[in-house]
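Here is how names work: the chains are called A, B, and so on, in the same order as the sequence lines, proteins then strands, and each is numbered from 1. These numbers come from the heavy atoms of this one structure, side chains and all, not from hydrogens, waters or symmetry mates.
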Amino acid sequence: MKGSMTHRMKLDTANPPAQAARQKGSFASGLQLTTDHDLCPGCGEPVALRALLDAVETLGLAQRTIGVVGIGCYTALTSMIDLDLIQALHGRAPSLATGAKRMRPDALLFTLQGDGDMVNEGLQEVIHTAARGENVTCVLLNNGVFGETGGHMTATTVIGQRTKNTLEGRDAAYHGHPILIGDLLAGLGGTSYVARGSVHDAAGVAKTRKYFERAFESQMRGEGFSFVEVLTMCPTGWFVPTKEGPGYLDEVMGSVHVTGELKVGGVLKRD
Amino acid sequence: MKGSMTHRMKLDTANPPAQAARQKGSFASGLQLTTDHDLCPGCGEPVALRALLDAVETLGLAQRTIGVVGIGCYTALTSMIDLDLIQALHGRAPSLATGAKRMRPDALLFTLQGDGDMVNEGLQEVIHTAARGENVTCVLLNNGVFGETGGHMTATTVIGQRTKNTLEGRDAAYHGHPILIGDLLAGLGGTSYVARGSVHDAAGVAKTRKYFERAFESQMRGEGFSFVEVLTMCPTGWFVPTKEGPGYLDEVMGSVHVTGELKVGGVLKRD
Amino acid sequence: MSVEREIFLTGIGGQGVQLAAKILALAAIREGRHVMSLGTYGGTMRGGNTDSTVVVADGPIHTPPIVSRGWSAIVVHPQYWEPLRPKLRAGGVVVFDANLAADGLDAGVAAAFGVQASDLAREADAGRAGSLVLLGAYCGLTGIVSLEALQDAMQDAVPPYRHQHLEANGRALALGHAALSPAHVPAWEDTA
Amino acid sequence: MSVEREIFLTGIGGQGVQLAAKILALAAIREGRHVMSLGTYGGTMRGGNTDSTVVVADGPIHTPPIVSRGWSAIVVHPQYWEPLRPKLRAGGVVVFDANLAADGLDAGVAAAFGVQASDLAREADAGRAGSLVLLGAYCGLTGIVSLEALQDAMQDAVPPYRHQHLEANGRALALGHAALSPAHVPAWEDTA
Amino acid sequence: MRALMEGSEAIAEAAIAAGCRFFAGYPMTPFTELLESFAKRLPEEGGACINAESELEAIGMAWGAAATGARVATGSTGQGLSLMQESMSEITRAEIPLVVFNMARGQGDYFQATRGGGHGDYRHIVLAPIDVNEAVDITQLAFHLADQWRHPVLIYGDYLLAHTAEAVAIEPRSAESLGGPLPEKDWAVDGSLGGSGRSRNLNPIGMEKGSKGIDPDRFWRLLQEKQDRIEAAEQRFEAEHTEGAELLVVAFGTLARFARYVVRELRAEGVPVGYFRPITLWPFPGQALAEAAAGARTVACLEQNAGQMIDDVRLSLFGSGLPASSVVSIGGISTDAAGFGIGPLLDTEVVRDRIRAALEGRAVDGVLGGPIS
Amino acid sequence: MRALMEGSEAIAEAAIAAGCRFFAGYPMTPFTELLESFAKRLPEEGGACINAESELEAIGMAWGAAATGARVATGSTGQGLSLMQESMSEITRAEIPLVVFNMARGQGDYFQATRGGGHGDYRHIVLAPIDVNEAVDITQLAFHLADQWRHPVLIYGDYLLAHTAEAVAIEPRSAESLGGPLPEKDWAVDGSLGGSGRSRNLNPIGMEKGSKGIDPDRFWRLLQEKQDRIEAAEQRFEAEHTEGAELLVVAFGTLARFARYVVRELRAEGVPVGYFRPITLWPFPGQALAEAAAGARTVACLEQNAGQMIDDVRLSLFGSGLPASSVVSIGGISTDAAGFGIGPLLDTEVVRDRIRAALEGRAVDGVLGGPIS
Amino acid sequence: MSQVESRGTVVIAVDRCKGCELCIPACPPAVLSMSVDQNAIGFAYPELAPGCTGCGACLLVCPDFCFAVYGYDEPVLHEEEDTACAP
Amino acid sequence: MSQVESRGTVVIAVDRCKGCELCIPACPPAVLSMSVDQNAIGFAYPELAPGCTGCGACLLVCPDFCFAVYGYDEPVLHEEEDTACAP
Ligand SMILES: Cc1ncc(C[n+]2csc(CCOP(=O)(O)OP(=O)(O)O)c2C)c(N)n1
Ligand SMILES: Cc1ncc(C[n+]2csc(CCOP(=O)(O)OP(=O)(O)O)c2C)c(N)n1
Ligand code: SF4
Ligand code: SF4
Ligand code: SF4
Ligand code: SF4
Ligand code: SF4
Ligand code: SF4
Ligand SMILES: [Mg+2]
Ligand SMILES: [Mg+2]
């Protein structure tokens, strides 16, 4: 279309401002060792990770935190996390966290897992850990695909979602139904705090970070199992352009895995 | 206490009646090869098995049924079942049933599992099979204990229940919370029929048998995953006298794992 | 090498056999002996025989826990006795409940000693403690351990929630101990 | 043993390199040759170089799929060329995009032939098909397969949802094929 | 008609040609590629391919499908195969024919493949193809052997096998051409025998219908006897230039192609080296190896691990009179940063150096992991 | 003070004396007994014992607990151990000290124990006690070795070991008495280093903080070198009557007690037989065995399986000049109807017959499974 | 003396009975009671008094498959004696 | 000509940017837009026009940690030119 457009002035963004200013946010979380990573353009996982690290930092728990990491694309991010970590096998993080917590009851224990890791391979682990009321926080980065191995459907892929092996969208009759893991865990006796965030926009990221803080606080109060699920973009696995990732995430996944707090203080809610 | 009591006449029960009579029920199901077994006095598992076999017989499906059996006390009963069976490993029956059903879509496929088998070791299997909407029927004999290995607590043991390692009753703070597997499965997208029976009395047995029939019918209509849970006595594991088994089952387990149909035709209900 | 005395115990159901074996083993430890024992049940929770083997020695035991040839047996119930008989050595000794094996017991190459164990147990007011009567009798006959050690070991072996049975158990051991000629078939050469 | 001709292809990102390798392999099969090829990517989904090796022979291939010494190379982008150079044999031949390696390419013991591949691709209206221009040029230079076989193979190799590119791809191959002296460095002795 | 196919495609096609109609798996490179090929092709053939939610579920599904008498395959890689070991062990005892693809990352899983990583006494037939064309044959053979022996057959492949493209022709092979007619699957459980008194229980623990308990003697003895018969009957190997060889190189799988290439080169140059490749890793062709090595001074094992096949080489040569020092390793652990097993050992120049060094009694090193002995 | 304890109790007490404060397991006979003992005693000592919901979860919990630097044990039986193989393999690579009890049903799991049933190149230290008293020592030693080498240590026990009661005295052993002072656990992850730039990632894949990717060469080479050092340093065995022995009986674990008994008896009768027992199944005491067998005509392997340890015996004697026929099996598969491994081979009379037969060059049979060769 | 009507009856495989007593409360007319004697495997077992309705409840609950149930074509009448007893 | 006020500004590590464009719609005042040029690794990257509020939204959504955000102590004014262009 012909018309008028604004050629705007480009400001210097290579250097810190010359004028008096205070830094409101730095490139990385204070708990990040580096900023470079090999994850795809537009991936939601680094965004979620930062929210998590910021929450740990805010609560002043950096020196008493142990993270247990699953196997997925996010595993590559462990090299940048300045927290004590244990690398688990695919699916097994909740049990490792259980063992570590029992030996270090004063530490904050969180897992970092993907949907393939947690809801496919390790579904049993997270459910038992929750039902046992284990005082740890499990974190799920849910993109509805096995990102790392090429973008196939997982057990959280919603009906209609595109993945490498559901290019026409997941079909319930042929591929079965997604598991809404957050809701499922919220329904168990042992869970104290359950929330689902999304990093599809800045407000979502900010809320997600709050959920992390609340979950960690709940754990530090010894209330039992807490859980934070984060919907993250995987433009590569979904075969959508990176810039369409957030919209796709919110519309397609967010309409089924509905965001918000699901359980607070052991009481079910929907906000 | 002194008083009067009735010395009643003892009738001959060694032989079929001399008078004209028709047999209303024989010792065993028509799909039983034998009647002797080594399960404990007062065990609920043979009772549940008979209800299952009777249902298969009633529906006329004996010649197109494959059972997949887990590992628990009930495994010893396989020698008496006159149906084609596949013996699975502990926890793995739902996957075997899935594979068999895909190759024999016209057959009735059921699993026979205990709570240790299904809700501890194999929790993930049954949930995924259900979510996938696999057109098989999973059967759970739920006594809240690992009967076979000595009566320890399982993931279904209810708060307060006595087991070998919870002689004072399961304590939520120490042992965590039970998983109400029937309810959990009913909540999944892929399940069509879910019911929970109990063999604590004759009416319970009769109802359980109806649930089996309905589940099998649902499967034969191709509606997706169906599930029948049966609460069974394990006086040995609970350390209660055999005759108190049914009462204990109904009061202690039945008040938490509430019996009835939970989902019919894919629609949640409570009756 | 040390002198090793093997005792097979056999019976059905209940815990009598395992308890008797445990008391014997504990008593032997009290007297400074080396001890090894192995109980076998049906395997699962359900049914079957109950056997136990105890080995008592005056030095380190070199016999493996499953004993192929033994010196003695305590037959609490004769039901599963058959497979044991060929394991007894010549010169060995078998103590059995004469109430249950009214026609006596074929002990093969070993010498058999009957004790009215069920009767004596009732007399001791410990109806189910026939195994303890026989244990007492066996120990009296062989002197493998003293009655005092037996009594003390019994106190240790019985779990707290069964302490109401301590006295009757003690009487059963004592009645048994008196039932056969003392040290008639001595276990230890120096106690002969 | 049969004559084996190894072709290393190297570039970055995109599918150009793998597609060119596949076309070459398919064309060789069409001409009755034996063929083996192996593509390597960064490993995961994310980034890295993209290389491929094709071996074409007049009989069963005995070289393993990871080739240590080879006859020729097609350098779609010079970024990852360095580690390949020492693998070229004396008498070997390298075809490269002279638009991207403006200062020429050090081919070591092999002979290097530059083609204005990016320019020719644009001319063919197939901006991203520099790899096909180079493939055409390579085949022209060596006669390893005919242009016809290449064109047919290209039709087979391009997936249906990319068929809009068939024509431009064909032009790219043809322009490349004409770019260097025909059969100047013959792959097969009998075609010399 | 020969067509260009990557190994993963060719294997799936060969399996389908052999009548395979069920596949289940969980993604893991380089097994994912196989899973994708089956997922694409099986539904077109009226079969089913399930993306199982884990490896445990994958092998369970395969077990159930195979129990009905269908031809079935599954598999995985590294971690995933390890998870399957419990089932692998018990499927063997249940005598269920099943083809399992171990698309390994290198050759570090030789022990697991040949000794059974699970519990108890069992061995799988293990076939290790050298290239895509052989994989096509071996895949068909695997289904045949599985049915013939009612025994799982493992195919040991790797990244190279999955990704190399070759021109292959896939034609269904008759049972006759693969070893002879197959027994009827009268053990299979199809659901038809309920209520007949002859219903079946296909199980790994020897339980019989109609009688309590099992006779472990009979059960275990029969299984062991079967394994002994397999061991005698199914040894397969390839050997070249063994006549007059002073040094015999032993290698398996795709790595053997590097060895064979170098041995041919060296022989052409007049260097007295020979080449031996076990095609069946179990049963290991021990007798044939002993014969091939008869005149050699040195037996050099080229394997991409810390030394596993070398045990079978030594066991085969036990009592042959060769001194302990004559069996050497010229392989070693060798991997890439991604862990896919594409390490620096996969280089004919490196292999050539090592063979020469072994021939001359020199130590070799400089390659990842180093030689073992 | 000596007290009467069943093996399962004694082992738990010994573990606690060694400082073990975490245990996780899933019931399976005869491992259940051990789990029960730990469940009873650990809370009393301020530790934790979790009845995990499966073996996969049990070993995961153990992994996590051990990662924090605590002394930790887990284990299982047969099927359960097979399920743990993935973790066993990777825990080794993550260099986590852990004690794993394989309360096996017989000796059919020797290969799994000694070759690692999982994927990749790894071996565990495997200790096989002969009786309850030795198990008490070995349990304490196991925790020591695990910490010393940052390596999993497997204790191979069985039903006999779990159930036999012996008079035992359990006293905590000092590190010195077990081999020397232990390195600090400066690798452990306790959560204290976040934000310091020195935080840790305890992982099985060689990933380093602050840098992308790994250097597989360095990572694998270091692990393999460690295993080589363990192999050289930790071989343990027991031998009796080897001087002048024409026949050497080799046996391990509780079955070895039957062999030792018979050898002592036969020697007392003047029969020239000797006895050798590997205490460490890996590293296998090959040198010591070769020395013990130096004068023997026959080496007779007594193991309760289809022939597994015999491979290590042959490998140890490779090149010793013994002819192939001189190493024979006098064991075999032998189990009871319950499958607990209490088979007819566990009988000194049977063992005696078989040793005599081997000595006289007679074939033996009649016992379940039969001899192997 | 009273007259009791049985509309059905049962055959009991007493030698299989494990004495669990589940059948006793299950019987709606309460015509089953445990024996004083023991069977071959050492357990008390149920005995039938007049009044069975042939309802089959005992069969449904028995874990050891001890009951076969019959319905009489015509009800059968029994004479029954009530005895007051001082223990 | 119009005047635009910036209450904050950002430093952009353009050479890390993978060109995903997530920051573009995330910026409330829409002062970020993608470059025509490519960075060292071949991607377009965001450029800043006047009007930044220092809200930090860009920082929150960027997967590649490309933003540092500053709030000016005093707002900064920019002169901006509107140009009508015929493409
Ligand atoms: C036991 C096992 N099976 C399979 C794999 C291969 N694998 C690695 S990552 C991955 C998928 C990860 O998916 P997800 O957890 O959703 O993380 P994402 O990559 O999407 O971030 C798989 C299947 C493995 N590492 N281990
Ligand atoms: C992998 C594995 N772990 C453990 C066992 C041991 N095991 C056998 S039966 C059983 C418990 C069975 O409990 P449940 O399924 O509830 O059946 P029940 O005995 O109560 O009928 C266990 C733990 C096993 N067979 N396999
Ligand atoms: S594949 Fe998906 S999850 Fe993995 S890095 Fe790429 S975008 Fe992120
Ligand atoms: S242990 Fe329990 S479940 Fe098992 S047979 Fe006995 S009563 Fe039944
Ligand atoms: S059939 Fe009914 S009335 Fe007759 S004995 Fe049985 S339960 Fe009682
Ligand atoms: S229910 Fe059956 S087993 Fe139990 S007492 Fe009655 S007849 Fe006997
Ligand atoms: S800080 Fe806010 S206003 Fe400034 S560029 Fe970033 S998103 Fe836009
Ligand atoms: S969000 Fe980050 S990586 Fe994406 S375009 Fe903006 S600056 Fe670049
Ligand atoms: Mg994912
Ligand atoms: Mg149970």
Which answer fits [X], side chain, backbone, both or neither, if we ask what part of it has an atom under 4.5 Å from a heavy atom of chain A?
X	result
L22(H)	side chain
Y72(H)	both
C62(H)	backbone

When only pairs under 4.5 Å are counted, which of [options] shares the most heavy-atom pairs with chain H?
options	result
G44(A), G42(A), A14(A), G25(A)	G25(A)
T35(A), V205(A), V47(A)	T35(A)
P17(A), A28(A), S26(A)	P17(A)
T13(A), D54(A), D12(A)	T13(A)
Q19(A), M233(A), R209(A), E45(A)	Q19(A)

Next item on the list: List for me each residue that meets side chain to side chain donor-acceptor pair (under 3.5 Å) alongside H152(A), sequence neighbours excluded, and say none if there are none.
Entry: E36(E)

Item checked: Shortest non-hydrogen contact from P63(H) toward C43(A) -> CB-O, 3.2 Å

Next item on the list: Considering non-hydrogen atoms only, spot the tightest contact between Y70(H) and A21(A) and give its length.
Entry: CB-CB, 4.2 Å

Inter-residue atom distance [X].[atom1] - [Y].[atom2], 0.5 Å rounding:
X	Y	atom1	atom2	answer
E244(A)	E21(H)	CD	CD	10.0 Å
H37(A)	F65(H)	NE2	CZ	5.0 Å
M9(A)	H78(H)	CE	NE2	7.0 Å

Note to self: When you measure from the side chain of K24(A) to the backbone of G56(H), do you find a donor-acceptor pair of N or O atoms at a distance under 3.5 Å?
What the structure shows: no

Margin query: Would the distance check show the side chain of K18(H) and the main-chain N or O of L39(A) forming a donor-acceptor pair, the cut-off being under 3.5 Å?
Written below: yes

Next item on the list: Could you check I12(H), V31(H), L48(H), V10(H) and say which one makes a side-chain contact (heavy atoms from CB on, under 4.5 Å) with L11(A)?
Entry: L48(H)

Check: With T242(A), which residues qualify under side-chain contact (heavy atoms from CB on, under 4.5 Å), at least two apart?
Finding: P41(A), P235(A), C20(H)

